[in-house]
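First the proteins, then the strands, lettered A, B, ... as listed; each starts at 1. No hydrogens, no waters, no symmetry mates; every other heavy atom, side chains included, goes into these values. Fair warning: this is a prediction, and the values are worked out from it, not measured in the lab.
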Number of protein chains: 2
Amino acid sequence: MVDDFVKRVREALARKETITIGARCNIRYSGRAESFLDKGDRLIIIKQDGSMFVHQPEGLNPVNYMKEGSSHSVRVENDEVKIYSTNIPKKEFMYTTIVKPHFFFSQKLNDTEKIVIAGNEKDMASMLYENPSLIEEGFKPFSLEEHTKYGFIDIFGTDKNNNVVLVECKRYTIDFKAVEQLQRYVKKIKKEKGIKNVRGILAAPSITPNAKDMLHDLKFEFKKVKPPKYLEEIDKTQKKVFEY
Amino acid sequence: MVDDFVKRVREALARKETITIGARCNIRYSGRAESFLDKGDRLIIIKQDGSMFVHQPEGLNPVNYMKEGSSHSVRVENDEVKIYSTNIPKKEFMYTTIVKPHFFFSQKLNDTEKIVIAGNEKDMASMLYENPSLIEEGFKPFSLEEHTKYGFIDIFGTDKNNNVVLVECKRYTIDFKAVEQLQRYVKKIKKEKGIKNVRGILAAPSITPNAKDMLHDLKFEFKKVKPPKYLEEIDKTQKKVFEY
DNA sequence: GGGGAGAGATGCCGC
DNA sequence: GCGGCATTTCTCCCC
């Protein structure tokens with residue numbers, strides 16, 4: 001019984017299939033940290049690229065995992081199945097002791113598709129670049145998401161009085177880290193360009209009280225902007241798919 | 001065939017079992033962003049708590065997912081199986097169209113164990129608290145990982161000249177964000193306590209060049225410290241488990 | 001490979 | 001719920 005299970009796992013590993021195992025097991029990990037998880041029923045996944053995941057029956061994240069490129073060997077010791085997983089370059093190790101296998105399935109999966117995502121920070125910056133009046137009347141952007149020597153600046157432009165304007169977009173609530181980020185860029189530009197008047201604008205749907213205080217101290221500005229969510233693909237094929 | 005598959009999925013959902021499906025499918029998501037993933041072979045997992053994951057055959061992270069508390073309903077449309085997943089409180093929606101199911105398994109999993117992790121930042125702070133000479137001779141810590149009104153400070157203490165010392169630990173390379181974090185704490189303490197001499201020390205295994213410059217400008221100090229990795233549990237039961 | 005920044009980040013704790 | 005911060009964060013891009 002155990003021998004059959006081991007044989008199937010070994011063959012699936014050799015064929016580089018995607019493996020799913022349900023089993024009662026315990027896990028030891030050593031690498032960037034060390035961890036131990038005592039016996040319980042879990043879902044174990046080993047992917048074709050060598051990555052491995054242990055999922056408890058609840059929770060979003062795997063409780064233990066190994067990254068791409070890990071090697072796995074299976075042995076039987078004292079009627080228990082042990083999976084030894086190693087990732088030598090990353091110096092990570094994981095040992096899974098299977099007390100009782102519940103189910104096993106493996107299959108070669110074919111998938112060359114890549115996910116298309118809309119509504120990230122870049123899309124938000126693009127929207128503001130295309131519609132500069134969302135920042136303010138007279139704003140003229142002239143650079144978008146560029147690795148300048150002043151840093152990675154979301155939108156760079158001038159206002160109606162020809163002041164240099166630097167816009168930092170955030171999809172979520174601005175905290176003081178975002179304000180500090182903007183401060184770094186503004187400081188650098190003032191220094192390297194030798195100009196005094198550089199306006200800093202934070203564009204986001206909301207801002208924390210602490211960040212607002214810091215922003216006022218630094219004479220920066222906050223512009224309330226809702227991030228765009230619009231997947232062209234979806235609109236083309238099927239309108240309002242996601243309404244309910 | 002399709003009807004049987006649908007029946008099994010529905011029953012497993014009703015019984016709140018952990019579900020694993022191998023299938024050729026496409027995915028649409030709308031929530032914090034919007035995404036589309038065209039047809040390919042994937043692993044689909046639905047957990048007992050309503051969370052759901054779609055894994056491509058390679059890669060560490062799920063390509064799509066729904067969080068805990070999501071509801072899932074299954075329908076047949078044009079010989080395809082559609083899983084409609086909704087999370088109303090979070091305003092998130094995911095539609096999985098299964099073109100061809102490869103396998104299905106479901107089971108109630110029992111697991112009450114919690115993972116024990118050693119070697120995180122808290123352990124590092126504790127180590128330095130217990131062995132203050134690792135920071136410097138004469139260092140006297142008097143508070144550990146405390147949510148003070150000055151912020152969440154790793155270690156708070158005094159040096160041999162009775163200066164206030166503030167230590168921020170990082171398990172990994174210090175970057176300028178960590179320096180800014182320390183700066184916030186030091187500023188706040190100087191202001192609220194009305195004292196001038198507050199030393200700031202960053203304890204970590206390494207530091208980036210930019211962070212080092214910033215640290216020198218701010219007259220802070222860097223102390224090279226290796227984070228501890230030691231799981232008592234492991235040492236008690238089995239010495240040097242992770243040697244190879 | 002390191003540095004810097006975003007992520008559908010998540011998870012934890014405290015208020 | 002929000003705020004602040006760590007995470008075995010991961011991922012991407014650029015140098």
Side-chain angles (χ1 to χ4, degrees), chain A residues 27 29-35 51 53-54 59-68 87 89-94 115 117-125 145-149 151-154 168-178 180-181 184-185 206-211 227 229 231, chain B residues 27 29-35 51 59-68 87 89-94 115 117-125 145-149 151-154 168-178 181 184-185 206-212 227 229 231:
Chain A
I27 319 267
Y29 161 78
S30 178
R32 282 176 290 182
E34 304 203 338
S35 77
S51 56
F53 313 86
V54 180
L60 197 58
N61 289 324
V63 65
N64 278 113
Y65 60 93
M66 292 289 281
K67 282 185 280 246
E68 175 189 346
N87 193 316
K90 295 199 183 298
K91 291 178 188 161
E92 294 190 296
F93 309 90
M94 195 168 92
I115 191 167
I117 297 178
N120 50 22
E121 192 183 283
K122 193 173 176 177
D123 291 324
M124 187 172 169
E145 290 263 340
E146 248 183 55
H147 283 272
T148 69
K149 60 176 174 178
F152 182 75
I153 291 164
D154 284 346
E168 174 67 32
C169 305
K170 292 289 171 199
R171 298 180 55 215
Y172 304 119
T173 306
I174 297 276
D175 57 14
F176 51 62
K177 284 183 184 176
E180 283 174 342
Q181 189 182 346
R184 278 199 304 276
Y185 296 157
S206 56
I207 182 167
T208 69
N210 282 354
K229 284 193 297 185
L231 196 58
Chain B
I27 318 265
Y29 160 79
S30 178
R32 281 181 288 186
E34 304 204 337
S35 76
S51 56
L60 197 58
N61 290 323
V63 66
N64 277 114
Y65 60 93
M66 291 290 279
K67 283 186 278 256
E68 174 189 345
N87 192 316
K90 297 199 184 300
K91 291 177 188 163
E92 294 191 297
F93 309 90
M94 194 169 92
I115 190 167
I117 297 179
N120 50 20
E121 192 182 285
K122 193 173 176 176
D123 290 325
M124 187 173 171
E145 290 264 340
E146 247 183 56
H147 283 271
T148 69
K149 62 176 173 178
F152 182 75
I153 292 164
D154 285 345
E168 174 67 31
C169 306
K170 293 288 172 201
R171 298 180 54 213
Y172 302 118
T173 307
I174 296 277
D175 56 14
F176 55 72
K177 285 181 185 176
Q181 189 181 345
R184 278 199 305 274
Y185 296 158
S206 56
I207 183 166
T208 69
N210 282 354
K212 203 164 193 172
K229 283 193 296 185
L231 196 59

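- Of the candidates C/dG6, D/dT8, D/dT11, the closest approach to any side-chain atom of B/Leu60 belongs to D/dT11.
- For B/Thr208, a side-chain nitrogen or oxygen approaches OP1 or OP2 of C/dG4 to under 4.0 Å.
- Mapping B/Pro89 and B/Lys122 onto DNA chain D via the closest heavy atom, the residue that lands nearer the 5' end is B/Pro89.
- Of the candidates D/dG4, D/dA6, C/dT10, the closest approach to any side-chain atom of B/Tyr65 belongs to C/dT10.
- In this structure, CG of A/Asp154 is placed 16 Å from P of D/dC13, rounded to the nearest angstrom.
- Distances shown here put every side-chain N or O of A/Arg184 at or beyond 4.0 Å from the OP1 or OP2 atom of C/dG4.
- Under the 3.5 Å distance criterion, with hydrogens and angles disregarded, no donor-acceptor pair is assigned to the side chains of A/Thr173 and A/Thr208.
- Rounded to an integer number of Å, the gap from NE2 of A/His147 to C1' of C/dG3 is 11 Å.
- Residue B/Asn61 contributes atom CG, which lies 13 Å from atom C1' of D/dT7 at whole-angstrom precision.
- Annotation: C/dA5 and D/dT8 have their P atoms spaced 23 Å apart (nearest Å).
- Heavy-atom contacts from other residues, nucleotides or ligands closer than 6.0 Å to NZ of B/Lys212 number 12 or fewer.
- If you check D/dC2 for Watson-Crick or wobble pairing at under 3.5 angstrom, you find it paired to C/dG14.
- Taking the C1' atom of each, C/dA7 and D/dT7 are spaced 13 Å apart, rounded to whole Å.
- The closest side-chain heavy-atom distance from A/Glu92 to A/Tyr29 is below 4.5 Å.
- Look at CD on A/Glu180: it is 11 Å from P on D/dG4, rounded to the nearest Å.
- Comparing C/dG6, D/dA6, D/dG3 by their closest approach to the side chain of A/Pro209 singles out D/dG3.
- For NZ of B/Lys67, the number of neighbouring non-hydrogen atoms (other residues, nucleotides, ligands) closer than 6.0 Å is greater than 12.
- B/Glu92 comes within 4.0 angstrom of a nucleotide base, judged by non-hydrogen atoms across all strands.
- Heavy atoms of A/Lys67 sit under 4.0 angstrom from primed sugar atoms or phosphate atoms, though from no base atom.
- Proximity of B/Asn210 to the phosphate of C/dG3: no side-chain N or O atom is located under 4.0 Å from OP1 or OP2.
- Between B/Lys170 and D/dA6 there is a side-chain N or O to OP1 or OP2 distance below 4.0 Å.
- Put simply, A/Arg32 has no side-chain N or O that comes within less than 4.0 Å of OP1 or OP2 on D/dA6.
- By the 4.5 Å heavy-atom criterion applied to side chains, A/Ile117 and B/Ser35 are counted as neighbours.
- Side-chain atoms of A/Asn64 and base atoms of D/dT8 include a donor and an acceptor less than 3.5 Å apart.
- Remark: B/Lys177 is not in phosphate contact with C/dG4, judged by side-chain N or O atoms under 4.0 Å from OP1 or OP2.
- Nucleic acid contact for A/Glu146: none, since no nucleic acid atom lies under 4.0 Å from a heavy atom of the residue.
- Remark: side-chain polar atoms of A/Arg32 are not paired, donor with acceptor, to backbone N or O of B/Arg171 under 3.5 angstrom.
- For the pair B/Asn120 CG and D/dT9 C1', the interatomic distance rounds to 13 Å; values are reported in whole Å.
- Whole-Å rounding puts the B/Phe152 CZ to C/dG14 P distance at 9 Å.
- As rounded to whole Å, 12 Å separates atom C1' of C/dG4 from atom CD of A/Glu168.
- OP1 or OP2 of D/dT8 has not a single side-chain nitrogen or oxygen of A/Lys90 nearer than 4.0 Å.
- With C/dA7, D/dC5, D/dT8 as the candidates, the nucleotide lying closest to the side chain of B/Arg171 is D/dT8.
- With both ends at atom C1', the span from D/dT9 to D/dC5 equals 13 Å, rounded to whole Å.
- Residue ring and base: B/Tyr29 counts as stacked with C/dG8 (centre distance below 5.5 Å, interplanar angle below 30°).
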Requested in this report: Quick one: do B/Glu68 and A/Leu60 satisfy side chain to side chain contact (heavy atoms under 4.5 Å, CB included)? Show the steps, please.
Outcome: CA-CA 7 Å; B/Glu68 174 189 345; A/Leu60 197 58; over 6 Å; no

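- OP1 or OP2 of C/dA9 has at least one side-chain nitrogen or oxygen of A/Tyr172 nearer than 4.0 Å.
- Proximity of A/Ser30 to the phosphate of D/dT8: no side-chain N or O atom is located under 4.0 Å from OP1 or OP2.
- Side-chain nitrogen and oxygen atoms of A/Tyr185 include at least one within less than 4.0 Å of the OP1 or OP2 phosphate oxygen of C/dA5.
- Across all strands, B/Glu145 comes closer than 4.0 Å to no nucleic acid atom at all (heavy-atom distances).
- For B/Arg184, the salt bridge (Lys or Arg N to Asp or Glu O under 4.0 Å) partners at least two apart in sequence or on another chain are A/Glu180.
- The distance from atom CD1 of A/Ile207 to atom C1' of D/dG3 is 13 Å, rounded to the nearest whole Å.
- Side-chain N/O atoms of A/Gln181 include one lying less than 4.0 angstrom from OP1 or OP2 on C/dG6.
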